[in-house]
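Proteins get letters first, then strands, A, B, ... in listed order; numbering begins at 1 in each. This structure is a prediction, so every number in the text was calculated from the model and none was measured.
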There are 2 protein chains.
Amino acid sequence: MQKIKIIIADSHFLSRKGLVILLEENTDFVLLSEALSASDLINQSKFYHPDLIIIDYTSANFSFENLHQIVKKYPKTHLLAITDVQSNISIAKALNLGVTSHLLKDCEQEEIVEAIYKTAKGENFMCGKIASAVLIDKTSVNEYTCEGLNISDREMEIIKLIAEGLSNKEVADKLFLSTHTVTTHRKNIMNKLGVNNTAGLVLFAVRENLVSPNHFLFASN
Amino acid sequence: MQKIKIIIADSHFLSRKGLVILLEENTDFVLLSEALSASDLINQSKFYHPDLIIIDYTSANFSFENLHQIVKKYPKTHLLAITDVQSNISIAKALNLGVTSHLLKDCEQEEIVEAIYKTAKGENFMCGKIASAVLIDKTSVNEYTCEGLNISDREMEIIKLIAEGLSNKEVADKLFLSTHTVTTHRKNIMNKLGVNNTAGLVLFAVRENLVSPNHFLFASN
DNA sequence: ACGACAATACCTAAAAAGTGGTATTTTAAA
DNA sequence: TTTAAAATACCACTTTTTAGGTATTGTCGT
């Protein structure tokens with residue numbers, strides 16, 4: 001069997017080095033390089049053409065777009081995402097952007113190793129928590145959905161501002177809309193989410209990382 | 001200079017091995033052992049009497065109590081906590097239980113190394129985000145406070161219910177109070193927190209783990 | 001026994017949110 | 001090119017929240 005050629009893309013020192021040790025312990029794996037930023041990753045991918053990239057797209061110098069860039073440019077390279085706890089929508093987004101497998105950083109060593117083998121062959125592997133978080137729509141093979149919610153970008157924008165404490169009027173002013181429009185959006189959002197008050201909206205916003213729980217409190221320091 | 005004798009206590013494979021590499025790279029550090037659980041940690045501490053324990057008290061097989069146990073039994077051993085993002089109250093709690101220093105897992109290597117040196121000497125070291133989250137009350141040396149907030153238990157209870165989406169009336173019914181009382185509490189809380197709407201209350205509740213961001217959404221599944 | 005604070009309760013009035021509609025325009029997809 | 005969905009806007013009405021107060025009781029520590 002041919003060795004699996006791997007790049008690690010993660011700006012966090014600890015998890016990066018944890019992965020290094022894991023790869024060193026298995027002779028089927030070859031670590032080509034470590035990328036600390038998106039530009040590192042682009043350059044190294046061009047140079048090495050890895051079989052597999054293990055990436056934390058949430059860490060400081062990476063983003064969702066990097067996933068898409070890699071998938072488009074190097075279709076033979078498979079992506080294994082490994083992040084801290086994420087919202088369902090983020091995970092679904094990553095999968096839709098072409099990530100083959102998804103783990104969390106608190107996974108066991110064995111799970112990570114298994115994920116590497118499978119992902120390098122192009123097979124999906126989700127750790128337990130991820131699998132339960134994302135429902136796979138059996139009808140369309142490659143479509144991952146997130147609990148049937150489909151909140152539009154505009155709606156997301158409005159949720160974010162509401163969660164940051166703006167009133168409908170303030171949101172309207174900020175986005176150059178009528179308050180009626182904001183009210184309508186708010187109604188539609190609440191219907192989609194199945195909630196009937198601001199608390200529900202704010203909790204959703206936190207879960208989807210639209211706002212940080214520290215929004216107000218760090219501001220007051 | 002004598003070498004610093006260290007135990008790593010963390011059930012997460014990746015961060016544990018990341019720390020292993022970091023310690024190996026510095027000849028002043030000696031890694032005595034790795035503890036995957038509280039009982040591991042107790043046994044290894046008894047056997048090795050380390051200068052320093054690097055611990056993620058939030059990881060699967062550890063808890064706040066372990067911090068207290070170690071501090072009480074081995075006063076010469078210093079504790080360096082390193083966790084994922086935490087609420088201020090959790091951090092304050094850890095510090096009050098006797099943790100000398102506190103980092104986050106996304107810290108840079110240099111910060112971790114500096115923290116190890118200082119903590120082993122008994123000096124405090126907080127990474128940037130932690131330091132800004134917790135203000136040290138200079139008047140009483142060993143007392144860490146949380147932004148001078150002192151929210152009473154009753155107030156916490158009411159915040160929690162509001163964040164769960166209950167109206168003042170519903171909270172009042174649940175706690176057998178007049179709506180006036182709930183309204184008053186709500187006002188007092190908002191004054192203490194320096195916010196002026198429900199969104200701020202809910203974000204605070206999330207930050208202090210009074211409510212899960214999944215409260216509504218898991219309920220609807 | 002005193003003071004401080006927490007918990008309770010009430011009042012008024014303005015502002016905002018929540019409910020249940022309808023309706024036009026723009027955009028993306030089939 | 002038809003169609004569906006998203007984004008926009010308006011109306012009327014009710015409920016809830018927010019902001020400004022005051023005031024009584026109980027409890028805890030000094």
Side-chain angles (χ1 to χ4, degrees), chain A residues 89 93 96 137 139-140 142-143 145-146 148-205 208 210-211 216 220, chain B residues 139-140 143 145-146 148-205 210-211 216 220:
Chain A
I89 285 187
K93 197 170 166 186
N96 280 322
D137 186 5
T139 54
S140 54
N142 272 325
E143 187 144 4
T145 59
C146 195
L149 294 178
N150 67 324
I151 312 290
S152 71
D153 289 348
R154 192 56 153 177
E155 286 170 339
M156 282 290 195
E157 198 175 3
I158 283 162
I159 295 170
K160 176 183 151 75
L161 295 174
I162 290 169
E164 286 174 355
L166 305 208
S167 67
N168 290 340
K169 166 129 191 23
E170 289 169 325
V171 172
D173 287 349
K174 187 152 211 166
L175 301 180
F176 305 106
L177 295 175
S178 142
T179 52
H180 296 298
T181 306
V182 177
T183 303
T184 303
H185 277 306
R186 194 170 186 145
K187 263 187 306 193
N188 294 338
I189 292 163
M190 293 199 296
N191 280 332
K192 286 185 186 178
L193 296 183
V195 302
N196 63 340
N197 50 43
T198 306
L201 285 186
V202 175
L203 291 184
F204 178 79
E208 299 310 324
L210 300 175
V211 68
F216 285 101
S220 73
Chain B
T139 54
S140 55
E143 188 143 3
T145 58
C146 199
L149 295 177
N150 68 325
I151 312 288
S152 70
D153 290 348
R154 192 56 152 177
E155 285 169 342
M156 282 290 196
E157 198 175 2
I158 283 162
I159 295 170
K160 177 183 150 75
L161 294 174
I162 291 169
E164 287 174 353
L166 304 209
S167 69
N168 290 341
K169 168 133 190 21
E170 289 169 324
V171 172
D173 287 349
K174 187 152 209 166
L175 302 180
F176 305 107
L177 296 174
S178 141
T179 53
H180 296 298
T181 305
V182 177
T183 303
T184 303
H185 278 306
R186 193 172 186 144
K187 265 189 303 191
N188 293 338
I189 292 164
M190 292 200 297
N191 281 331
K192 286 185 184 177
L193 296 184
V195 302
N196 63 341
N197 49 43
T198 307
L201 285 186
V202 175
L203 290 185
F204 177 80
L210 300 175
V211 67
F216 285 102
S220 73

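- Enclosure of atom CG in Asn191(B) by more than 12 non-hydrogen atoms of other residues, nucleotides or ligands within 6.0 angstrom is indicated.
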## Note on the structure
Given protein heavy atoms under 4.0 Å, the one-letter contact record of nucleotides 15-28 of chain C, with B base, S sugar-phosphate only and - none, is simply -SSSBBB-------
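- Applying the salt bridge (Lys or Arg N to Asp or Glu O under 4.0 Å) test to every pair with at least one member in residues 172-185 of chain A, sequence neighbours left out, gives these pairs: Lys169(A)-Asp173(A).
- Using a 4.0 Å cut-off between charged nitrogen and carboxylate oxygen, Glu157(A) and Lys160(A) do not count as a salt-bridge pair.
- Taking CG from Asn197(B) and CE from Met190(B), the interatomic distance works out to 7.5 Å, rounded to the nearest 0.5 Å.
- Between Val195(A) and Leu203(A) there is no side-chain heavy-atom pair separated by less than 4.5 Å.
- Atom P of nucleotide dA9(D) and atom CD1 of Ile158(A) are separated by 10 Å, given to the nearest angstrom.
- Recorded end-axis angle for the helix from dG3(C)-dC28(D) to dA30(C)-dT1(D) stands at 70°, based on five pairs per end and rounded to 10 degrees.
- Checked against salt bridge (charged side-chain N to carboxylate O under 4.0 Å, His left out), Glu170(A) has no partners two or more places apart in sequence or in another chain.
- The nearest whole Å value for the distance from the CD1 atom in Ile151(A) to the C1' atom in dA6(D) is 12 Å.
- Closest approach of Ala199(A) and Ile162(B) over heavy atoms only: CB-O, 3.6 Å.
- Taking CD1 from Ile189(B) and OG from Ser152(B), the interatomic distance works out to 7.0 Å, rounded to the nearest 0.5 Å.
- Between the CZ atom of Phe176(B) and the P atom of dA9(C) there is a distance of 12 Å, rounded to whole Å.
- Pairing each heavy atom of Leu175(A) with each of Arg154(A), the nearest pair is O-NH2, 3.9 Å.
- In this structure, His180(B) places its NE2 atom 7 Å from C1' of dA9(C), rounding to the nearest Å.
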Nucleotide N/O of nucleotides 4-7 of chain C paired with protein N/O under 3.5 Å:
residue	atom	partner	partner atom	Å
dA6(C)	OP1	Asn150(B)	ND2	3.3
dA7(C)	OP1	Ser152(B)	OG	3.4
dA7(C)	OP1	Arg154(B)	N	3.4
dA7(C)	OP2	Ser152(B)	OG	2.2

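- The side chain to side chain donor-acceptor pair (under 3.5 Å) pairs that include a residue from residues 176-186 of chain A are Asn168(A)-Arg186(A), Arg186(A)-Thr198(A), where partners are two or more places apart or lie in different chains.
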